[in-house]
Novice: 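The structure's right below; bear with me while I get my questions together.
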There are 2 protein chains.
Amino acid sequence: MVILQQDFVFLACPMQSTPSYYPKQISFPTNTNIYNKNFFKPNSKAEAKLIDAKKHSESEKRRRMRINSQYTTLRDILPNLIKVNQNGDKASLLAEAVRRDECVLPGGVDKLSIEQCEGEKEGLVKATCSCEDRPGLKSEMTRAPSCVKGRVVRAEMVTVGGRSKNAVWLQRLGGGNEGVVALKRALKMVADRPVLPRNVSKKLPFPR
Amino acid sequence: MVILQQDFVFLACPMQSTPSYYPKQISFPTNTNIYNKNFFKPNSKAEAKLIDAKKHSESEKRRRMRINSQYTTLRDILPNLIKVNQNGDKASLLAEAVRRDECVLPGGVDKLSIEQCEGEKEGLVKATCSCEDRPGLKSEMTRAPSCVKGRVVRAEMVTVGGRSKNAVWLQRLGGGNEGVVALKRALKMVADRPVLPRNVSKKLPFPR
DNA sequence: GTGGACACGTGATAC
DNA sequence: TGTATCACGTGTCCA
């Protein structure tokens, strides 16, 4: 992607220069070398200890900066809501990031959940599923409920970094708890289907 | 929503009991009261100081616990990728959470960006836009490019907490940089339209 | 005066 | 080894 034009329209919050994140791989500009004992011989054991302490505290300071620059970024990208509520402290910031992530994005472990949507006259049920992404996953997810009663009225998919979160809404899912169990089984089969590497024969040469 | 059935299928990572987040409102079970000087008179100034220090360090420990329980949750919900790369330290964890959030979810400030998709023969352009959600926003976003050349081949929307992120893909956007500017202006008009409160006449009784 | 939030330097520990 | 990360207790600032 080549960014052609980018516009930032700041509403409530003032313009802030976001400190960029310094990855561990890129060394920070430090004066650590002058403390190197091979380069600068200390006069005594006490002096050596002091130098070590200084090195240590400076490296810890850099670590804190790395972490805090992430908090600053988080403060910038999270919606204003959290700021006006004075919930800008670290724990609340993290909690909000977790809440947003959990709500929409696929998790790292395979999950399957079925929920009853309240306030719906015709009994709307939402089935959510996180798993590895693969071609055709969404249509398989949408077709899976064909083994139970009910009609798919909506389907959503969000894929990030090879992991996929699928949601399917079903109207008039019949059969009570048995219907729920059957739906769950059908979706689980789709989610559990192994992702075969491309250009590899489906007949595996060894047992799984 | 009523959760009917929820299934967790742990693949690579072992079962972990995630410490739940303790919101600040709910007081932690502490023994703080026994340190209350009105309740338990200290014998000396030194003793009072020691009690204060103890109170302080315990409250700081609770704060650390609040923050760290969020990191644990984050470790659980972020995809495995990050774990196998041994990037489980706090800064990397935060960076990954930021990356995922930024990539898909709407931010707290209104944004508008237009990107050229590389490797596309027919000149595909992606326009992204974060703003307040409102009924009909997606269709307005999809219709907005009608004032420029090109065809909308795809549109996506993610809405979380009243904020919306919209993406529209255009094929064969003509007019060079002028086309980009015109597209930007059209989308900005849609994004900037004020959200009127429900059941309020569109004819405002006072000038804006 | 009280509690909450943060930065700091230090000891422990892992690789 | 040195070089990371982390938890801890403390000093300080602010509401």
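Values in this document were obtained by computation on a predicted structure and should not be read as measured data. Chain identifiers are assigned alphabetically (A, B, ...) following the order of the sequence lines, protein sequences preceding nucleic acid strands; residue numbering begins at 1 within each chain.
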Novice: Between the side chains of B:E96 and B:R99, is the shortest nitrogen-to-carboxylate-oxygen separation below 4.0 Å, so that they form an ion pair?
Specialist: yes
Novice: Please assess B:D76 against B:T73 for the test side chain to side chain donor-acceptor pair (under 3.5 Å), listing each intermediate value before the final yes or no.
Specialist: CA-CA 5 Å; B:D76 284 347; B:T73 313; 5.9 Å; no
Novice: Using the closest heavy atom to pick a nucleotide of DNA chain D for each, name whichever of B:E60 or B:K90 lands nearer the 5' end.
Specialist: B:K90
Novice: Taking only residues two or more places apart in sequence or in another chain, which ones pass salt bridge (charged side-chain N to carboxylate O under 4.0 Å, His left out) with A:R143?
Specialist: none
Novice: Got a salt bridge between B:K61 and B:E58, using NZ or NE/NH1/NH2 to carboxylate O under 4.0 Å?
Specialist: no
Novice: Give the rounded distance in Å between these two atoms: NE2 of A:H56 and C1' of C:dA14.
Specialist: 13 Å
Novice: Identify the pairs formed between an N or O of the protein and an N or O of nucleotides 13-15 of chain D at a distance under 3.5 Å, and give each distance.
Specialist:
none

Novice: Salt bridge check: are B:D110 and B:R163 linked by an N-O gap of less than 4.0 Å?
Specialist: yes
Novice: In plain terms, say whether A:E156 and A:K138 are close enough for a salt bridge, that is, a side-chain N and a carboxylate O under 4.0 Å apart.
Specialist: no
Novice: Between B:R63 and C:dG3, is there a contact of a side-chain N or O with OP1 or OP2 at under 4.0 Å?
Specialist: no
Novice: Using a strict 4.0 Å threshold on nitrogen-to-oxygen distance, state whether A:K165 and A:D133 make a salt bridge.
Specialist: no
Novice: Could you state the atom-to-atom distance from CD1 of A:I67 to P of C:dA5 in whole Å?
Specialist: 18 Å
Novice: Rounding to a whole Å, what distance do you find between B:M65:CE and D:dA7:P?
Specialist: 11 Å
Novice: Using whole Å, what does the distance between atom P of nucleotide C:dA7 and atom CZ of A:R66 come to?
Specialist: 15 Å
Novice: With a 4.0 Å cutoff (strictly under), does any side-chain N or O of A:K55 reach OP1 or OP2 of D:dT3?
Specialist: yes
Novice: From CG of B:D89 over to P of C:dA14, roughly how many Å is that when rounded to an integer?
Specialist: 17 Å
Novice: Does the side chain of B:N68 get closer than 4.0 angstrom to OP1 or OP2 of D:dA7 through an N or O atom?
Specialist: yes
Novice: Expressed as a whole number of angstroms, how long is the span from A:K54:NZ to C:dT10:C1'?
Specialist: 14 Å
Novice: Rounded to the nearest angstrom, tell me the gap between atom CZ in A:R62 and atom P in D:dC6.
Specialist: 15 Å
Novice: D:dA7 P sits how many Å from B:K61 NZ, rounded?
Specialist: 9 Å
